[in-house]
Amino acid sequence: MSTSTPTGTTPTTGANKRIVIGASQPPLANDVLTSTQKVIHEALDRLGYDEGYYELLKEPMRLLTVRIPVRMDNGKTKVFTGFRAQHTDAVGPTKGGIRFHPNVTAEEVSALSLWMTLKCGIFDLPYGGGKGGIICDPRTMSLPEVERLARGYVRSISQIVGPNKDIPAPDVYTNAQIMAWMLDEYSRIREYDSPGFITGKPIVLGGSQGREKATSLGVAIAIRESASAQGMAMKGLKVCIQGFGNVGSYLAEILDRWGANVVGVSDVNGGIYNEDGLDVPNLLDRRDSFGSVTNLFPNRLSNDEFLTQPCDVLVPAALENQITAQNADRIQARLIVEAANGPTTLEATDMLHERGVMVVPDVLANAGGVTVSYFEWVQNNQGYYWPEEEVNRKLELKMVEAVNKVLEMAKSRRITPRLAAYMVGVQKYAEASRLRGWC
Ligand code: GLU
């Protein structure tokens with residue numbers, strides 16, 4: 001790794017420290033439910049399941065809408081709308097995060113619950129998918145307001161969640177502190193300690209070692225395995241990371257430690273690139289709590305320029321719909337590993353596949369988070385806690401197995417890794433639904 005600054009750029013002022021509520025990611029476009037359904041349909045079809053299975057699995061089995069009155073700091077009450085979607089309980093309780101974002105919609109939460117099912121299916125976790133969301137903007141709220149909202153949401157959904165029913169976790173703009181408030185509210189309602197109700201908690205409240213970095217470690221392992229399938233080694237691998245939030249920044253740190261060459265990073269302010277490699281520790285040091293660092297460098301690249309820079313691996317770790325039909329033919333990477341949810345459109349996935357660029361899909365690459373959430377829940381249930389090395393070793397085994405299974409299926413059937421991942425992911429739920437007599 002080079003210690004030079006990006007070409008033609010010098011750092012300016014120090015990082016602007018701010019209070020962080022959670023990872024910054026934008027909401028998904030509403031058509032995301034339709035495109036997810038399209039791939040699920042094709043996956044079920046290729047696996048030989050008839051239309052009845054698609055009818056059952058195309059939408060969440062339950063979608064609860066709640067209205068939550070919150071006393072704001074100015075003394076007035078504001079009513080927030082929230083959702084909790086439970087896709088399928090065919091193999092066990094449902095599982096998935098809660099996002100706080102102004103653009104949350106019922107469709108988005110539904111689509112995200114389908115993706116959680118696929119992640120749990122690919123990683124053979126004993127859950128179906130779930131997802132929650134509240135329409136709000138925590139960046140404009142005080143912490144006590146966020147706390148009252150979090151507690152109000154738990155009171156509103158308490159009947160349908162629980163350690164053996166539906167287990168929430170953090171997602172966009174929610175974090176371990178919010179999980180702690182939610183856990184406390186739930187335990188008060190139930191009148192017994194129930195750490196397995198929610199994951200992504202602080203360690204002292206029963207959180208798991210390794211959970212915070214789990215998504216990034218999983219993405220790093222997915223990069224290593226898929227690069228190796230393409231004949232590329234980790235040492236010197238040129239990687240561009242779009243997005244420097246929690247996932248992108250921990251990922252840069254891990255890849256740098258593993259000997260890869262992080263040649264580009266970007267955030268909301270633009271991208272920086274140096275073909276000899278960036279000084280990752282310096283960038284991590286200077287990034288602010290919303291994941292901004294490139295504002296310290298003049299001559300930033302636009303998002304489009306950044307995505308089309310030369311590199312071996314491109315990791316979209318920020319927004320949805322970033323790699324589209326407009327830029328897919330100009331992407332120079334040989335491998336795209338999706339750390340964000342939904343960064344590549346279906347059209348772009350096909351265009352890249354035809355050009356021989358492998359796209360490792362989100363439901364495979366970023367499932368390290370829910371996998372370690374599962375480990376957290378197991379530790380809560382048995383009341384026995386594992387050291388970080390053990391958590392990471394177990395994650396490594398799961399990731400290596402899942403990535404290789406999906407890539408082998410994609411190769412042998414000559415289909416995209418996305419379709420292969422959906423086929424692997426959905427099969428368990430179709431089979432369980434058949435055995436339960438639902439289809
Ligand atoms: N929100 C994360 C995801 O989308 C984690 C979910 C969980 O840990 O249950 O995968």
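In listed order, ligands and their atoms are each counted from 1. Treat the numbers as computed from the prediction; the structure is a model and nothing was measured.
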Would you check, one step at a time, whether the test side chain to side chain contact (heavy atoms under 4.5 Å, CB included) holds for Val370 with Lys95?
-> CA-CA 8 Å; Val370 66; Lys95 177 93 193 79; 3.9 Å; yes
Could you tell me whether Glu390 and Lys394 have a side-chain N and a carboxylate O separated by less than 4.0 Å?
-> yes
Return yes or no for this condition: an N or O of Pro170 is under 3.5 Å from an N or O of ligand 1.
-> yes
Judged by non-hydrogen atoms, does Gly200 sit under 4.0 Å from ligand 1?
-> no
protein heavy-atom neighbour closest to atom 1 (N) of ligand 1 works out as Asp171 OD1, 2.7 Å
Provide, to 0.1 Å, the distance between atom 5 (C) of ligand 1 and the closest protein heavy atom, together with that atom's residue and name.
-> Arg211 NH2, 3.6 Å
Nearest heavy atoms of Trp115 and Val363, plus distance in Å = O-CG1, 3.9 Å
Closest heavy-atom pair, Ala410 versus Ala420, reported as atoms and distance to 0.1 Å, is N-CB, 3.8 Å
Parallel, tilted or perpendicular: which fits the ring planes of Tyr127 and Trp377, with parallel below 30° and perpendicular above 60°?
-> perpendicular
Can you name the nearest heavy-atom pair linking Pro163 to Tyr186, along with the distance?
-> CD-OH, 3.8 Å
Decide side chain to side chain contact (heavy atoms under 4.5 Å, CB included) for Tyr429 and Leu56; before the verdict, give the C-alpha distance in whole Å, the side-chain angles of both, and the deciding distance to 0.1 Å.
-> CA-CA 10 Å; Tyr429 304 92; Leu56 180 71; over 6 Å; no
With backbone taken as N, CA, C and O and side chain as the heavy atoms from C-beta onward, which portion of Glu376 lies under 4.0 Å from ligand 1: side chain, backbone, both, or neither?
-> neither
With a cut-off of 4.0 Å, which atoms of ligand 1 are near a heavy atom of Met116?
-> 3 (C), 4 (O), 6 (C), 10 (O)
Look at the aromatic rings of Tyr54 and His41 and report parallel, tilted or perpendicular, splitting at 30° and 60°.
-> parallel
Who's the nearest protein heavy-atom neighbour of atom 10 (O) of ligand 1, and how far?
-> Lys119 NZ, 3.0 Å
Before signing off on this row, confirm whether Ser373 and ligand 1 have an N or O atom pair separated by under 3.5 Å.
-> yes
Ligand 1 and Asn366, any nitrogen or oxygen pair closer than 3.5 angstrom?
-> no
Which residue and non-hydrogen atom of the protein lie closest to atom 9 (O) of ligand 1, and at what distance in Å?
-> Lys95 NZ, 2.8 Å
Tell me, which protein residue and heavy-atom name are nearest atom 7 (C) of ligand 1, and how many Å apart are they?
-> Ala169 CB, 3.3 Å
Heavy atom of the protein closest to atom 4 (O) of ligand 1 (residue, atom name, distance) = Lys131 NZ, 3.0 Å
